[in-house]
Amino acid sequence: MSRLDLSLIEAALTTYIIARSKSNELWDEIGSTNDRAIELAHEGAAEGTLVLARQQTGGRGRQGRTWVSPADSGIFASLILRPTIDASALPLISFAAGVAAAQAIEHVLGLRIGLKWVNDLVYGGKKLGGILAEMPGSQTAAARATDSSDPKSPQWVMPPAVVLGIGINLRHNNDELPPELQGRVESLDRLSGKQVDANQIVAEFCNSLEDQYNNLRHSASEIVLAEWKHYSATLGKQIKATVGNEEVEGLAEDIAESGALVLRRNDGSEQLLYAGEISIRLQDGSYS
Ligand code: BTN
């Protein structure tokens, strides 16, 4: 079984920013890599800092859910970014991460996974991974850079951080999953029929993420969205979503420039969904 190893990952990087910090960390066990990355961001860690763990005891998913993270069962990674891009493009960072994950998996394993809005990694309707992008609150403590700052300019202020967390299932045992996840989870070992090299996946994810992040930094977010649509497992599908107290249904028609999902409701009207979870109608008429 391949175990996460920072030196192997660093040796396979082609990046300038992503995972190039001297403060990268790999933990045998941690509460949540996102929590640790938020802590490091507050302390002024440089853009690109990578926090990895072999196991999380308090892994967090979107919408306050738990991310079940037993030892060596998945890739648990968080990156600190300090984007100076237009605020309207910030939500697209998690789209960039979805694209990077899909590209990395295709590059390393030849497997074409799908992206389910807003940012689930899926295969055959089952969940293979997810992305949790967070903006740590007030960063007054990060005003003084402690990492990669110019020592001659101690007053240099770092841009606020976005912490980008990603979890990808490497292996799973259906019987050991909580009942609500049974039959709904996929993993790379099972899909590829071999033991996947997690270090290669992480390195390729970082390499692809740098390209996609550069697209956002150079105001070419349409490239990120086009790539996302290429891997989409959502567009063209009949979907259901809860917006406030209302359940809406219709065709997932497009992704707007903002990252919102363009829903063509069954009554013909158009609605933009900005956040939340959707379920996709399967061939048997049920929703997953
Ligand atoms: C989702 O709900 O789909 C998002 C899951 C994100 C899980 C990853 S695992 C690494 C990082 N640390 C966390 O606590 N969560 C993210």
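Both counts, for ligands and for their atoms, begin at 1 and track the order of listing. In what follows, every heavy atom counts, from backbone to side chain, and hydrogens, waters and symmetry copies are set aside.
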So which atom in Ala53 and which in Ile30 form the shortest heavy-atom distance, rounded to 0.1 Å? CB-CG2, 3.5 Å

In ligand 1, which numbered atoms sit nearer than 4.0 Å to a non-hydrogen atom of Asp120? 3 (O)

Give the residue and atom name of whichever protein heavy atom lies nearest to atom 9 (S) of ligand 1, and the separation in Å to one decimal. Gln56 NE2, 3.4 Å

Per-atom filter on ligand 1: closer than 4.0 angstrom to a heavy atom of Ala77 are 10 (C), 11 (C)

Note: Asp72-Arg3 ion pair, threshold 4.0 Å (strictly below): yes

Are side-chain heavy atoms of Arg217 and Asn214 found at a separation under 4.5 Å? yes

For ligand 1, which atoms have a heavy atom of Thr33 less than 4.0 angstrom away? 10 (C), 11 (C), 12 (N)

Verify the cluster assignment for Ile18 and Leu6: are they in a single hydrophobic cluster under the rule of side-chain heavy atoms below 4.5 Å apart? yes

Give the atoms of ligand 1, by number and element, whose distance to some non-hydrogen atom of Gly59 is under 4.0 Å. 14 (O)

Considering only heavy atoms, does Ile166 approach ligand 1 within less than 4.0 Å through its side chain, its backbone, both, or neither? backbone

Would you find a donor on one side and an acceptor on the other, under 3.5 Å apart, between the side chain of Asn199 and the backbone of Asp5? yes

Charged N-O contact under 4.0 Å between Glu253 and Arg264: yes

If we only consider heavy atoms of Lys127, is any one of them less than 4.0 Å away from an atom in ligand 1? yes

Look at Glu10 together with Arg20 and state whether they make a salt bridge at an N to O cut-off of under 4.0 Å. no

Which heavy atom of the protein is the closest neighbour of atom 5 (C) of ligand 1, given with residue, atom name and distance? Trp67 CE3, 3.4 Å

Kindly confirm or rule out an N or O of Arg60 lying under 3.5 angstrom from an N or O of ligand 1. yes

If you scan protein heavy atoms around atom 2 (O) of ligand 1, the nearest is Arg62 N, 2.7 Å

